[in-house]
J.: 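I'd like to ask you about the structure that follows.
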There are 2 protein chains.
Amino acid sequence: MTRYYKEYDEHLVALDCIIFGFDEGELKLLLLKRKFEPAKGEWSLMGGFLSKSESLDEAASRILNQLTGLSNIYMKQLSAFGEIDRDPGARTISVAYYALIKIDENDRLLAETHGAEWISITKLPALIFDHSQMVDKALEALRRRTSREPIGFELLPVKFTLPQLQSLYESICGEQLDKRNFRKQILETGLLVKLEEKDKESSKKGAFLYKFDHRKYNSYVEKGFLFQLKVRSGQIIKENNGNVLDIQE
Amino acid sequence: MTRYYKEYDEHLVALDCIIFGFDEGELKLLLLKRKFEPAKGEWSLMGGFLSKSESLDEAASRILNQLTGLSNIYMKQLSAFGEIDRDPGARTISVAYYALIKIDENDRLLAETHGAEWISITKLPALIFDHSQMVDKALEALRRRTSREPIGFELLPVKFTLPQLQSLYESICGEQLDKRNFRKQILETGLLVKLEEKDKESSKKGAFLYKFDHRKYNSYVEKGFLFQLKVRSGQIIKENNGNVLDIQE
DNA sequence: CACTTTAAGTGTAAGATATACACTTGTAAT
DNA sequence: ATTACAAGTGTATATCTTACACTTAAAGTG
């Protein structure tokens, strides 16, 4: 490849992953304690550097895979972060991605070997650099996207109950939803398939399991029908043991 | 600054600006013919390279200013583009920004000296590299943001008429709106101030001029009130003289 | 085995919002 | 004085959103 643009500065390009999961009725992030300087030992997002031989999307997937062992994960670019002093280690541009993981299917041990932990978004610790900013922005993006696209299912096992789904939506949008209205709305989409089985984890009666009909959804998308949930962008109330509230974008 | 991360690749980081304007009842983009290799002479977005001494946002503003002479312009980061071969000149990460400009206030001559032209989004030519993809994505982002935030006013002169405003919204969302419903909705927000003056450009009767009440809007935002317009994300129909439709993200 | 406990599951009516729709007004040009 | 043109205005209907409380199924308990 002929090389033009010789006279311009080159930069380190990092990738940081905001990894969402849903477990025990709570929306969680996979965070780890940084293993190298600067800021060794502090809480951080999973990150890494872009190499010449990969695209941004590929690099983000690689980094997610290193931590979780997972591939083919729902991942979207959030934004590039480029303040001059954002990383005290060196001038670094960071491109943040967020990922949605089904914690059930995940090898929890693998995450633990890397010193990673699933932490509820209501109890986030202070994070290094501008990572808290990234998390705030990712939460906003997740909320907005949730109302436009049925991405909640990326966070649940393949088979899930309606109470689970409702609880997930409540965690994402940060407010209580009416059970009957929620069920009516979500079933009206025609995208859920009711199974014969029940899940008896959380009640004696048991709740019917459902599957999301990806096939039908894709055909709707092609036809231009829109998925729309009336999920308001209420704030998730954060407990006061982190700096998430302090850092403004 | 101590330099960590020595072992990682460095990359050129470019910025590309999707510059929106509204003129003659049409949503337009400021495009220019590229003055250097590769792809010299082809239509392109305004772009430039990030230097060590500036943040991404600063660089984007600098580049916009170089072309238009304008500063303090509404500008948002769209996304980073990082396919390996996206720029045949060299491996380059590009961070795209979109800007909203009041064409009236703009020195049209300055744009012309740079060989730039305002081109209707319904008549876009083929663009270099992945710039058409960037434009498509910027249009989507503009439509979505328009329904959440009163950014339309960034594209109009300080004083504007309701028919102008309606025409702008129609251009953005790509469909006709009902005059009475539109006026009712937009006036209900309480964010428009009716002036005594009339604009007689487009009718004998003349249409009253209005101003957007930025102050009131900011106080609403602080109080958490939301601006919401029911602007559907209809597609803007593109005429068949560009490749905008062909490139998929 | 009857009783208690727990969460799952179900429908409707009232209020709010969105939509469709047609005539009058003001002014310049002829 | 007449015509032509876009600006400006209100209401009724349909649709969507919201609020709300009891019944059901099954396991655990005495």
Side-chain angles (χ1 to χ4, degrees), chain A residues 24-26 146-148 156-157 159-171 173-211 225-234, chain B residues 24-26 146-148 156-157 159-171 173-211 225-234:
Chain A
E24 299 165 330
E26 289 191 307
T146 297
S147 68
R148 289 203 323 270
L156 290 176
K159 298 176 186 178
F160 53 87
T161 68
L162 293 184
Q164 276 171 10
L165 185 63
Q166 180 176 350
S167 159
L168 170 60
Y169 273 96
E170 288 174 341
S171 302
C173 75
E175 71 187 297
Q176 297 295 111
L177 301 173
D178 179 272
K179 184 166 48 160
R180 278 176 289 191
N181 294 340
F182 177 79
R183 295 169 79 100
K184 197 193 315 169
Q185 198 188 163
I186 202 86
L187 290 173
E188 257 169 18
T189 66
L191 293 172
L192 295 194
V193 182
K194 186 174 182 175
L195 305 175
E196 293 303 309
E197 308 164 71
K198 279 187 167 186
D199 173 293
K200 299 216 169 175
E201 293 281 302
S202 68
S203 83
K204 293 157 185 169
K205 183 179 178 180
F208 279 101
L209 288 163
Y210 287 78
K211 282 199 303 189
F225 298 151
L226 287 175
F227 176 90
Q228 277 277 65
L229 275 191
K230 299 296 138 40
V231 174
R232 293 173 233 157
S233 55
Chain B
E24 299 164 332
E26 290 190 307
T146 297
S147 69
R148 291 203 321 270
L156 290 176
K159 298 177 186 177
F160 54 86
T161 67
L162 292 184
Q164 275 171 11
L165 185 63
Q166 181 176 348
S167 159
L168 170 60
Y169 274 96
E170 287 174 342
S171 302
C173 75
E175 70 186 297
Q176 298 295 111
L177 301 172
D178 179 274
K179 184 165 50 158
R180 277 174 290 191
N181 294 340
F182 177 79
R183 296 169 78 100
K184 197 194 314 169
Q185 200 188 162
I186 201 86
L187 290 173
E188 257 170 17
T189 65
L191 293 171
L192 295 194
V193 182
K194 186 176 183 175
L195 306 176
E196 292 304 309
E197 307 164 70
K198 277 188 167 185
D199 173 293
K200 298 217 170 173
E201 293 281 302
S202 67
S203 83
K204 291 156 187 169
K205 184 178 179 183
F208 279 102
L209 288 164
Y210 288 76
K211 281 197 304 187
F225 298 149
L226 287 176
F227 175 91
Q228 277 277 63
L229 276 192
K230 300 296 137 40
V231 175
R232 294 172 230 155
S233 55

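Letters A, B, ... are given to chains in the order of the sequence lines, protein chains preceding strands, and every chain is numbered from 1.
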J.: Does a side-chain heavy-atom distance below 4.5 Å link B:Leu168 with B:Phe160?
T.: no
J.: Can you tell which of D:dA7, C:dA8, D:dA25 lies closest to the side chain of A:Lys198?
T.: D:dA25
J.: Does B:Ser202 reach a base, just sugar-phosphate, or nothing at all? Heavy atoms under 4.0 Å.
T.: sugar-phosphate
J.: Given the structure, check if the side chain of A:Lys184 and the base of D:dT17 hold any donor-acceptor pair shorter than 3.5 Å.
T.: no
J.: In whole angstrom, what separates B:Gln176's CD from C:dA20's C1'?
T.: 15 Å
J.: Measuring only between side-chain heavy atoms, which start at C-beta, is B:Phe225 closer than 4.5 Å to B:Thr189?
T.: no
J.: Between B:Asn181 and B:Gln164, which has a closest nucleotide on DNA chain D that is more 5'?
T.: B:Gln164
J.: Holding to side-chain hydrogen bond (donor to acceptor under 3.5 Å, both in side chains), I want the full list of residues that pass it with A:Glu197, two or more places apart in sequence or in another chain.
T.: A:Lys159
J.: What's the CZ-C1' distance between B:Phe182 and C:dA18, to the nearest Å?
T.: 16 Å
J.: Could you tell me how far apart B:Asp178 (CG) and C:dA22 (P) are, to the nearest whole angstrom?
T.: 11 Å
J.: Say whether, by atom type as modelled, one donor and one acceptor occur between the side chain of A:Ser171 and the main chain of A:Ser167 under 3.5 angstrom.
T.: yes
J.: How many whole angstroms separate atom CD of A:Gln166 from atom P of C:dG9?
T.: 11 Å
J.: Taking only the side-chain heavy atoms of A:Arg183 (C-beta and beyond), determine which of D:dA7, C:dG9, C:dG11 contains the nearest atom.
T.: C:dG9
J.: Where the side chain of B:Lys179 is defined as all heavy atoms beyond and including C-beta, which of C:dA22, C:dT19, D:dA6 is the nearest nucleotide?
T.: C:dA22
J.: Remember a base hit wins even if backbone is also touched, and classify A:Lys200 as base, sugar-phosphate or nothing at under 4.0 Å, heavy atoms.
T.: sugar-phosphate
J.: Check if the side chain of A:Lys205 and the base of C:dA8 share a donor-acceptor pair of N or O atoms closer than 3.5 Å.
T.: yes
J.: B:Leu209 CG to D:dG8 C1': how many Å, rounded?
T.: 15 Å
J.: In whole Å, what is the span from the CD atom of B:Glu188 to the C1' atom of C:dA18?
T.: 11 Å
J.: Using heavy atoms to find the nearest nucleotide of DNA chain C for A:Lys204 and A:Leu162 separately, return the residue whose nucleotide is more 5′.
T.: A:Lys204
J.: Rounded to the nearest Å, what distance is computed from the CG atom of residue B:Leu187 to the C1' atom of nucleotide D:dA7?
T.: 13 Å
J.: For A:Gln185 and A:Leu229, indicate whether the former's side chain and the latter's backbone hold a donor-acceptor pair under 3.5 Å.
T.: no
J.: Starting at CD of B:Gln185 and ending at P of C:dA16, how long is that distance when rounded to a whole Å?
T.: 18 Å
